[in-house]
2 protein chains.
Amino acid sequence: MAPASPPVVLIIAGNDPSGGAGLAADTQTITALGAHPAPVVTALTVQDTVNAYQVEAVVTQLVVAQAETVLRDMPVAAIKLGLLANAETGKAVTRLLRAHPGIPVVLDPVLVAAGGAALAEEALVAVYLEELLRLTTVATPNAAESRRLAPRAADAAARAAELLARGAQHVLVKGADESTPDVRNTLFSQGGIHSEFTWPRLPGNYHGSGCTLASAIAALLAQGRTVPQAVAEAQAYTWNSLQQGWRLGRGQTIPNRRVVP
Amino acid sequence: MAPASPPVVLIIAGNDPSGGAGLAADTQTITALGAHPAPVVTALTVQDTVNAYQVEAVVTQLVVAQAETVLRDMPVAAIKLGLLANAETGKAVTRLLRAHPGIPVVLDPVLVAAGGAALAEEALVAVYLEELLRLTTVATPNAAESRRLAPRAADAAARAAELLARGAQHVLVKGADESTPDVRNTLFSQGGIHSEFTWPRLPGNYHGSGCTLASAIAALLAQGRTVPQAVAEAQAYTWNSLQQGWRLGRGQTIPNRRVVP
């Protein structure tokens, strides 16, 4: 007897040939957490565990054709947005989400690689702010991304408030890229509610931790968890996968996403 | 404590947005069997569980750049070749394999989608025959592919003999696409050795069974199994994943590749 069918998570993201980040990270995470990954490719990157060297955006029409085919064939229970690469694809994804309302959307606003290379064109920031955030269930910016998205705000709470004002239902501001002794992630929600999560800071640098966390949230939302539950469980899964990760190349550690929660 | 580092399997294949076949299937399989997947994209397809509708080959230079970056950064323990899409990429992959000798290569000669659509140009057949088979540890054609590759041979044994004469060390001719009551797969090896495997035929049609089997062989070779061991274990893993699969879309069943062997 086959076990119960897994809910489908549509992933719209870029490929990382090292398998540390991008669609492979999303696929591993969503599979490990009991959902089925449906990967739509937005960009091909040439990258390894040290940095990204080349980003080639897929023509927007082909991104849309991939996603529409999945949405016509399968019941999609959550959507995870990773690297969108350019504003044109960002706008096309906005139209796709509007045409399929009611599906939880996790938006990881990927702009820069772990090694520092730019992955997306500047014009995409405006699409996030003006179009995509209002369709977002949970946005997951790291500290640097939250500063790019809300450059005039004074602190994390003010930055999150700006993104909530743009229409996102929840904003998880991540602190792994800050220099605090522990890692502090804060979930800000509409209505002034917020929850703080503190994690022991792990040594070293990690490749694909943001993809892992956002995909884990999407996989858990697809299975009917509430946002606070999904965000809490996804952080635990991600922390464990980092803690059990490996240095497979010359650079950042790759998470072990097979860990069972 | 992190568990021992997984060996890296370089995958050179196409993406299937349904997640049934292609790189998602490879990534799930290689992860489940304890290796690390490094996915190089050769083609983007628009496909679902019914058929493939569009195949866009990635420019060969970008395929090579992705693969070379991984090969420079990580110790690659096995290479899995799936959809190569065109002869130019086939020839470039030949050059890559020649530049990195000694790594086991599993060649799944993908030409046609499960729903019948052509996935590769005809000229790629000549590259398989004249260049890639001689660099292949295990080739995994289904019955239809073995007939395309050796059209004048009278039976499976004669077809396998032709592919072995082209230089492949082992040829696993699969019989799931035949109409025998059971599925018979036969492993033919240099020196006239062959082993026959019989599996109860499962009802229905499957999306990504060939990708699953070839990736499982690659993951097991990467961990030091002999070819006969890897081929036997990979078939058991694949059969279980099919038997526990789900109909997530309107068409073929998608394997459950999380099954632990």
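Note that this is a predicted model, so its numbers are computed, not measured. Below, each value reflects all heavy atoms present in this structure, side chains not excepted, and no hydrogens, waters or symmetry copies. In what follows, chains are A, B, ... by sequence order, proteins preceding strands, each numbered from 1.
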Calculate, to the nearest 0.5 Å, the distance between atoms CZ and CZ belonging to R258(A) and R258(B) respectively.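 Taking CZ in R258(A) and CZ in R258(B), the distance rounds to 13.5 Å.
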
Please flag which part of [X] lies under 4.5 Å from any non-hydrogen atom of chain A: side chain, backbone, both or neither.
| X | value |
| --- | --- |
| D16(B) | backbone |
| I11(B) | neither |
| V59(B) | neither |
| L44(B) | side chain |
| Q66(B) | both |

Test L62(A) against E56(B) for side-chain contact (heavy atoms from CB on, under 4.5 Å), laying out the working first. CA-CA 9 Å; L62(A) 182 55; E56(B) 295 293 334; 3.7 Å; yes

Look at [options] and state which one has the largest set of heavy-atom pairs under 4.5 Å with chain A.
| options | answer |
| --- | --- |
| V70(B), T31(B), D73(B) | D73(B) |
| G22(B), P39(B), A38(B) | P39(B) |
| G249(B), A67(B), P75(B) | G249(B) |
| V40(B), V46(B), T27(B), L248(B) | L248(B) |

Check this for me: [X], atom [atom1], are more than 12 non-hydrogen atoms of other residues, nucleotides or ligands nearer than 6.0 Å?
| X | atom1 | result |
| --- | --- | --- |
| D177(B) | CG | yes |
| Q54(B) | CD | yes |
| Q61(A) | CD | no |

Residue pair W246(A) / A4(B): nearest heavy atoms and the distance that separates them: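 The pair with the smallest heavy-atom distance is NE1-O, 3.3 Å.
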
Identify the heavy atoms of P37(A) and Q28(B) that sit nearest to each other, and give their distance.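 Scanning both residues, the minimum pair turns out to be CD-NE2, 3.6 Å.
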
Please state whether the side chain, the backbone, both or neither of N15(A) comes within less than 4.5 Å of a heavy atom of chain B.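 Interface part for N15(A): side chain.
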
Against chain B, label Q47(A) side chain, backbone, both or neither, depending on which of its atoms sit under 4.5 Å from a heavy atom there.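 Interface part for Q47(A): backbone (N, CA, C, O).
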
Taking the side chain as everything from C-beta on, heavy atoms only, tell me whether D48(A) gets closer than 4.5 Å to R72(B).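 They are not in contact (no side-chain heavy atoms under 4.5 Å apart), so the answer is no.
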
